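The structure displayed is predicted, hence computed values, not measured ones.
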Amino acid sequence: MSARLLPAALLVAGALAYSSWVLDIGLVSGVDPLRGYVSELGARDRPLGALYRTADLIAALLVASAGAVVLKRPLHGRWQLFGWVALMVFAVATFLDSRWPMACAPSVHPGCDAGSAGSSMSETLHAVFSSVASTAALFAAACCWLAIRRIDAPQWRRLLSGGSVVVLVTATAWTLAAIALREQHVLYLGLAQRAQLIGTSAWLIVAALDALWSARPATSAAVGVK
């Protein structure tokens, strides 16, 4: 595979791995998709928890590899640089998040409530790394949009980038509101988080397209992601 295609291929593969949660459509885990945390799928007490943790680990390694390749190229502008650095932060946080999973699934076992779960160091680290990953993804997507706005990019690139930002901002705000108000049942926290993951995966696809676009010869290349 050529050096130009490699980062894009890695990002697309990373987006697919990061979307492993869709495998639970049959509710094999028993986690409520409308109200349960997505992280519950990878909890230690879930039958396929290792599968979801491994998928996140693979996604992190793929995205980090793509970022490492692109950061070796000449970058155009601060927003491009900020975006790719944020992408690397997202990858590292996702990697660490997969190594410190939830101990159990609160939506499946009522006795595994947020209070007891948050008392352990593992649960605390999991919450921290999840928050860092979400924040980094949102920041990277915003940088991608700002970078694209500053060049003569095709309209479809602007729309895809802007759309991913809108989805991520909306889903993140929805998720934070559900957590802050402790209304995960009324506000459908699980649905909000899944929308957030869809936005993140969509952004990774946009980043892949931009990485491919920006790797064109310098005479015709447009500034990409980032």
Side-chain angles (χ1 to χ4, degrees), residues 14-24 27-64 67 85-141 168 171-185 187-201 203-204:
L16 292 175
Y18 199 66
S19 302
S20 63
W21 59 271
V22 302
L23 297 175
D24 197 54
L27 298 181
V28 176
S29 68
V31 175
D32 186 346
L34 297 180
R35 300 174 177 85
Y37 288 94
V38 177
S39 295
E40 293 183 47
L41 298 177
R44 294 193 187 96
D45 70 336
R46 294 298 83 210
L48 297 179
L51 171 64
Y52 294 110
R53 294 194 299 272
T54 301
D56 282 350
L57 171 64
I58 292 173
L61 293 176
L62 290 168
V63 172
V85 171
L87 180 141
M88 295 295 285
V89 173
F90 163 79
V92 172
T94 299
F95 173 88
L96 295 173
D97 184 44
S98 71
R99 300 304 87 197
W100 277 277
M102 298 178 72
C104 53
S107 69
V108 179
H109 300 297
C112 177
D113 57 31
S116 61
S119 62
S120 71
M121 179 61 70
S122 179
E123 297 288 348
T124 300
L125 290 174
H126 175 81
V128 169
F129 294 138
S130 292
S131 298
V132 171
S134 298
T135 302
L138 180 57
F139 183 75
L168 274 174
T172 299
W174 181 5
T175 299
L176 291 176
I179 294 174
L181 298 175
R182 297 186 178 183
E183 292 289 355
Q184 68 183 75
H185 287 67
L187 295 181
Y188 297 110
L189 173 61
L191 187 60
Q193 281 201 319
R194 284 157 178 78
Q196 194 175 22
L197 293 184
I198 290 173
T200 302
S201 294
W203 162 68
L204 289 174

Where do [X] and [Y] come nearest, in terms of heavy atoms and distance?
| X | Y | result |
| --- | --- | --- |
| A91 | V63 | CB-CG1, 4.0 Å |
| E123 | C104 | OE2-N, 4.3 Å |
| F139 | A86 | CD2-CB, 3.6 Å |
| A59 | G14 | CB-O, 3.6 Å |
| P106 | M102 | CD-CE, 3.7 Å |
| A105 | A43 | N-CB, 4.1 Å |

Can the ring centres of F90 and F129 be said to be less than 6.0 Å apart?
no
Under a 4.0 Å N-O cut-off, is there an ion pair linking D56 with R53?
no
Quick one about Q196 and T172 (side-chain donor to acceptor, distance below 3.5 Å, no hydrogens or angles considered), yes or no?
yes
Between [Y] and [X], is there a side-chain heavy-atom distance shorter than 4.5 Å?
| X | Y | value |
| --- | --- | --- |
| L96 | L125 | no |
| Y188 | D32 | no |
| V92 | M88 | no |
| R99 | L57 | yes |
| L191 | W174 | yes |
| Y18 | T94 | yes |

Nearest-0.5 Å distance, CG of residue L187 to CG of residue L34:
12.5 Å
Rounded at 0.5 Å granularity, tell me how far CG in L176 sits from CG in L189.
10.0 Å
Which residue is it: V31, L51, L41? I am looking for the one with a side chain to side chain contact (heavy atoms under 4.5 Å, CB included) to R46.
V31
Do the side chain of S134 and the main chain of S131 share a donor and acceptor less than 3.5 angstrom apart?
no
Keeping E40 on the side-chain end and Y37 on the backbone end, is there a donor-acceptor pair under 3.5 Å?
yes
